[in-house]
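Just so we're on the same page: letters track the sequence lines, and every chain starts at 1. Quick caveat, the model's predicted, so the values are computed rather than measured.
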Protein chains: 2
Amino acid sequence: MEEADTIKETKSCPVKFMLAVNDAINVIHGKWKLPIIASLLCDKTRFTEIQRNIPKITPRMLSKELKDLELNGIVKRTVYDTIPVSVEYELSDSGKSIGDFLDKMLEWGLEHRKSVLAK
Amino acid sequence: MEEADTIKETKSCPVKFMLAVNDAINVIHGKWKLPIIASLLCDKTRFTEIQRNIPKITPRMLSKELKDLELNGIVKRTVYDTIPVSVEYELSDSGKSIGDFLDKMLEWGLEHRKSVLAK
DNA sequence: CTATTAAGTATACTTTAGTATAGCGCTATA
DNA sequence: TATAGCGCTATACTAAAGTATACTTAATAG
């Protein structure tokens with residue numbers, strides 16, 4: 001099946017539609033996922049570095065969210081055999097392409113703000 | 001300032017970027033907002049009708065989420081002076097245009113599923 | 001007189017998300 | 001020997017989100 005057909009078919013099937021959209025929502029869901037992804041969109045980085053980039057995140061949450069993102073194929077974790085060990089996190093291809101729909105959300109958000117302020 | 005410039009400027013400003021993206025996230029955030037919006041994308045409808053369309057939602061949650069959506073300018077509520085009163089909910093223009101970024105999320109979700117299954 | 005419908009509200013509860021704080025194993029540097 | 005940095009984990013807690021169940025007001029149908 002062609003790409004365009006897959007999309008068309010999915011839109012006509014509420015269940016598949018919801019599954020795919022929910023995948024996207026889950027990836028940005030919660031207080032910290034977006035800051036983490038934003039941090040990794042710039043550069044592959046290490047644990048402590050991300051912690052420094054995101055004020056107020058606790059190591060517990062950072063660890064939890066990174067695991068979650070890794071499990072969902074958004075983030076890749078690489079351990080280097082240095083002393084002491086260093087660990088690098090980077091976005092997968094899927095992860096990098098999150099920017100695609102974030103841009104659309106941004107545009108919608110700006111439009112919406114305008115229309116709300118107009119009243 | 002031109003539309004395109006606003007978007008460009010926003011992308012270069014992390015705070016504004018986050019504000020606008022968060023507006024979009026808030027609108028679809030939680031267990032029930034998306035089903036409610038989906039239900040209203042088809043048709044303007046009444047409270048009980050929405051409740052029937054969304055199995056398992058309680059009136060408490062439906063009421064809460066509709067109020068929230070109304071406050072955020074996504075949904076418009078109209079009370080008709082019939083006996084007994086009937087109340088109709090419909091999407092605002094902003095509400096209708098949510099489809100724009102949902103489509104992008106859908107596309108991303110499908111791509112992502114493919115890439116995860118490929119492994 | 002009782003039951004039902006519309007559009008919710010009230011109260012109490014459970015579950016999930018997030019916070020606060022401390023500590024581990026390892027090594028390098030002062 | 002003490003301190004600091006890295007990449008976390010453990011325990012205990014609070015706060016936010018969601019559920020369950022009952023009830024309200026006003027009218028109408030049986």
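Mapped onto DNA chain C by nearest heavy atom, G30(A) and E49(B) fall at different nucleotides, with E49(B) at the one closer to the 5' end.
When rounded to the nearest whole Å, the span between CG of L66(B) and C1' of dA6(C) equals 14 Å. Spacing between atom CG of D68(B) and atom C1' of dA16(D) amounts to 13 Å, rounded to whole angstrom units. Put simply, CG on L62(B) is 14 Å from C1' on dG18(D), counting in whole angstrom units. The distance from atom CZ of R52(B) to atom P of dA7(C) is 9 Å, rounded to the nearest whole Å. Atom P of nucleotide dA6(C) and atom CZ of R77(B) are separated by 16 Å, given to the nearest angstrom. Atom pair E65(A):CD and dT9(D):P shows a separation of 13 Å (rounding to whole Å applied). Atom CD1 in I36(B) sits roughly 13 Å away from atom C1' in dG18(D) (whole-Å rounding). The separation between K64(B) atom NZ and dA10(C) atom C1' is 15 Å, rounded to whole Å.
Between the CZ atom in R46(B) and the CD1 atom in I50(B) there is a gap of 10.5 Å [rounded to 0.5 Å]. Here D23(A) contributes atom CG and M18(A) contributes atom CE; the two are 13.0 Å apart, rounded to the nearest 0.5 Å.
The main-chain N or O of S92(A) is never found under 3.5 Å from a side-chain atom of S94(A) such that the two would form a donor-acceptor pair. Side-chain atoms of S39(B) do not come within 3.5 Å of backbone N or O of I37(B) as any donor-acceptor pair.
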Test K33(B) against D68(B) for salt bridge (charged side-chain N to carboxylate O under 4.0 Å, His left out), laying out the working first. CA-CA 9 Å; K33(B) 294 235 175 64; D68(B) 205 30; 3.2 Å; yes
Determine, step by step, whether E111(B) and K114(B) satisfy the salt bridge (charged side-chain N to carboxylate O under 4.0 Å, His left out) criterion, reporting the C-alpha distance in whole Å, the side-chain angles of both residues, the deciding distance to 0.1 Å, and the verdict. CA-CA 5 Å; E111(B) 267 308 305; K114(B) 252 202 287 183; 3.3 Å; yes
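Contacts of Y80(A) with the nucleic acid, taken as non-hydrogen atoms under 4.0 Å apart, are absent. Using a 4.0 Å heavy-atom criterion, one finds that K67(B) contacts the sugar-phosphate atoms exclusively.
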Tabulate atom names and distances for all N/O pairs under 3.5 angstrom spanning the protein and nucleotides 19-26 of chain C.
unit_1	atom_1	unit_2	atom_2	d
dT19(C)	OP1	K31(A)	NZ	2.6
dT19(C)	OP2	W32(A)	NE1	3.0
dT19(C)	O4	R60(A)	NE	3.1
dT19(C)	O4	R60(A)	NH1	3.1

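A sub-4.0 Å separation between OP1 or OP2 of dA6(C) and a side-chain N or O of R46(B) is absent. For Y89(B), no side-chain nitrogen or oxygen approaches OP1 or OP2 of dA6(C) to under 4.0 Å. The side chain of S63(B) places no N or O atom within less than 4.0 Å of a non-bridging phosphate oxygen (OP1 or OP2) of dA7(C).
Between F101(B) and W108(A), the ring-plane angle classifies as perpendicular under the 30° and 60° cut-offs.
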